[in-house]
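Here is the structure we will look at, set down as structure tokens.
Just so it is clear, the structure is predicted and the values come from calculations on it, not from any experiment. Counting starts at 1 for both ligands and their atoms, following the listed order.
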Amino acid sequence: MEQRRSFLLLDPPSSADFCRRGSLREKDEAQNAPFPNIDLILLSGAVREGGYAPTFIDAQLDRLDWNDVVERARENDLAGVVSLVSSARFDEELRSLERFCKELGGIRCFVIGTIIMQQDKLRLQRILADNSWLDGIILNTVEHNLTEMIRAGSGETIEPLNIAVDRPGQLVIPDTKVTYGDSFRTPLPEHAIFKDPRYCFPQSKRGPVTCTQFSFGCPFTCEFCVDNQQYRKTLYRDVDDMVEEMVVLDAAGFREVYFKDLTFALKKPIAMEFLHKLAAKKLRLQWLCTTRIDVATREMLALMKRAGCYGIEFGVEHAKEEKRRLLDKRINDDRIREVFSDCRELGISTTAFIMLAFEDDTEQDVRATIRFARSLRASYVSFNVATAIPGTPFWERAKKEGFLRDVDADFGFARSNLKHRHLTPEQVVRLHKEAVRSFYFRPGVILEKMLQVRSFFELRKLFRLGTGTLS
Ligand code: SF4
């Protein structure tokens with residue numbers, strides 16, 4: 001049988017402790033619970049359908065520099081590469097990628113742009129004009145049909161694959177954009193190439209783990225959120241395709257999947273159909289997802305549990321209901337407490353996302369938010385420092401009202417770019433540390449986590465999280 005040429009899916013080396021976890025979120029601190037990038041996973045099926053064998057390198061996980069990546073890439077007959085790039089290191093990473101493509105004899109190259117890049121159409125046009133070696137920037141892994149892009153480039157009669165602008169903020173290659181209704185089909189990802197025992201989630205109990213995605217987009221308008229900028233409506237993949245993918249993952253030996261949907265189960269009828277069908281398969285595979293408090297009815301939670309859900313992440317954000325309303329997260333305290341309590345009763349672990357130190361918060365407000373987070377008795381709390389991300393309504397307001405500092409936004413949400421009315425930058429750092437310590441370093445929590453350990457995988461994960469070592 002004729003050997004197919006390969007296309008490399010690349011999570012590239014970085015000059016700093018800078019991890020990319022999806023084009024939607026980036027983290028700039030050492031990641032001790034790394035998991036494979038969802039965009040590369042979703043595109044792996046398109047590469048196969050485009051006629052190439054997908055291969056994958058996670059240079060950060062393997063601690064590779066560009067020379068190592070070139071060497072490894074030479075082991076395959078490479079036709080092209082699809083690489084992530086970060087917004088913060090974009091120019092530097094693009095130059096490295098250009099050298100990489102030239103060293104491999106001028107292979108084809110696509111980059112996955114971040115959501116921030118979408119908003120700057122002129123910059124995108126400039127990048128494409130200045131880099132004729134670049135075949136395309138994929139801004140949207142759902143609507144930019146990579147299969148067609150790859151196929152298009154392999155024929156002789158094809159126009160140069162430079163990208164055209166067809167509507168504000170969206171770049172497409174002519175004739176390769178597909179527009180879907182509410183539900184669409186996408187090629188089954190090649191999950192096997194992403195299987196690595198070092199991947200895990202902070203909440204993981206067993207491995208190997210991977211990611212997938214059922215729905216795309218979020219119609220809500222939380223003021224600080226950048227993730228919803230891509231789609232305001234929610235698109236769903238075909239339900240049977242999604243069930244089939246879970247069956248394939250289970251058979252391939254994966255034990256946990258993280259659904260990267262922004263709000264899992266938002267469209268109740270579709271979610272119910274999927275969950276019923278999945279539960280009927282009785283898989284060993286368990287899964288984790290993110291959703292909103294106002295989606296998580298008792299009925300939905302019970303069905304999720306039956307279908308293999310072991311953990312849910314919820315955005316709680318702030319202790320004050322009034323503040324949550326201003327942020328456009330209109331959820332009351334009682335409902336939050338009920339959902340966390342329902343999850344506990346059903347045996348679903350919970351993660352509460354919290355935002356500390358908004359521009360008008362006092363030290364007492366921050367402490368009240370920490371206390372509120374603790375009172376929910378969540379299994380995990382993710383304490384983030386309030387940060388204005390460019391392009392969000394929060395960033396616009398911060399600029400307009402004069403509380404935006406002239407520093408880069410930290411996509412890891414560990415450092416703030418706000419001018420606080422009542423807090424110094426040092427106080428914000430101290431309160432953030434205090435929040436983490438007050439939740440995780442309580443003897444009761446440490447003991448509870450140790451008692452819940454059921455596998456060597458989980459023990460190793462806790463060690464990694466606790467010591468910051470990735471092995
Ligand atoms: S619900 Fe989540 S994804 Fe949707 S806008 Fe709010 S924070 Fe963003």
Side-chain angles (χ1 to χ4, degrees), residues 21-27 38-39 42 114-116 118-119 139-142 169 182 211-237 258-268 270-271 288-297 300-301 304 311-332 335-336 339-340 343 350-358 369 373 376 378 380-398 409-413 416 418:
R21 293 295 161 230
S23 60
L24 303 182
R25 283 208 179 93
E26 301 176 345
K27 291 199 183 299
I38 186 61
D39 295 304
L42 291 172
T114 62
I115 206 155
I116 303 297
Q118 259 188 55
Q119 294 153 2
L139 294 172
N140 178 329
T141 46
V142 184
D182 274 355
C211 302
T212 191
Q213 196 160 347
F214 184 26
S215 67
F216 299 80
C218 178
F220 295 102
T221 51
C222 304
E223 191 191 28
F224 52 82
C225 181
V226 70
D227 295 352
N228 63 353
Q229 305 279 321
Q230 198 159 23
Y231 282 112
R232 283 292 160 82
K233 68 173 190 171
T234 310
L235 299 175
Y236 273 86
R237 287 174 59 194
Y258 182 5
F259 278 95
K260 296 288 289 175
D261 305 42
L262 295 178
T263 305
F264 189 87
L266 181 61
K267 287 196 178 169
K268 200 172 166 193
I270 301 178
L288 173 75
C289 67
T290 308
T291 194
R292 286 176 55 106
I293 294 286
D294 42 10
V295 170
T297 59
M300 182 64 82
L301 289 172
M304 286 166 76
I312 308 181
E313 301 172 327
F314 295 103
V316 171
E317 323 307 354
H318 200 276
K320 283 190 189 161
E321 235 174 89
E322 187 197 330
K323 181 66 183 176
R324 290 199 297 272
R325 206 169 37 251
L326 289 173
L327 296 170
D328 223 356
K329 199 140 216 170
R330 296 155 200 271
I331 302 164
N332 71 43
R335 190 67 200 118
I336 294 175
V339 168
F340 277 83
C343 286
T350 46
T351 302
F353 289 129
I354 298 289
M355 301 272 263
L356 295 175
F358 281 94
T369 298
L376 297 174
Y380 304 88
V381 179
S382 173
F383 288 106
N384 299 291
V385 173
T387 301
I389 301 291
T392 60
F394 187 40
W395 190 70
E396 293 296 340
R397 185 165 68 81
D410 172 16
F411 288 77
F413 294 91
S416 180
L418 308 180

Checklist outcome for this item: d(Leu235 CG, Asp261 CG) to nearest 0.5 Å is 11.5 Å
Item to check | atom 2 (Fe) of ligand 1: the protein heavy-atom neighbour that sits closest, reported with distance to 0.1 Å | outcome: Lys329 NZ, 4.3 Å
Checklist entry - Considering only the protein, which heavy-atom contact is closest to atom 1 (S) of ligand 1, and what is its distance? => result Arg292 NH1, 3.4 Å
Checklist entry - Who pairs with Phe340 by ring-ring contact (aromatic ring centres under 6.0 Å, His included), at least two apart in sequence or on another chain? => result Phe314
Next on the checklist: Using the ring-ring contact (aromatic ring centres under 6.0 Å, His included) criterion, which residues pair with Phe214? Sequence neighbours excluded.
Outcome noted: Tyr236, Phe274
Item to check | Any residue meeting side-chain hydrogen bond (donor to acceptor under 3.5 Å, both in side chains) with Arg397, in chain and number order, not counting sequence neighbours | outcome: Glu223, Glu359, Glu401
Checklist outcome for this item: Correct closest heavy-atom pair for Gly315 and Ile293 would be O-CG1, 4.4 Å
Checklist entry - Near atom 8 (Fe) of ligand 1, which protein N/O/S atoms are found at less than 2.8 Å? => result Cys225 SG
Item to check | Within 6.0 angstrom of Lys320 NZ, more than 12 heavy atoms from elsewhere | outcome: no
Checklist entry - Any side-chain donor-acceptor pair under 3.5 Å between Thr351 and Glu313? => result no
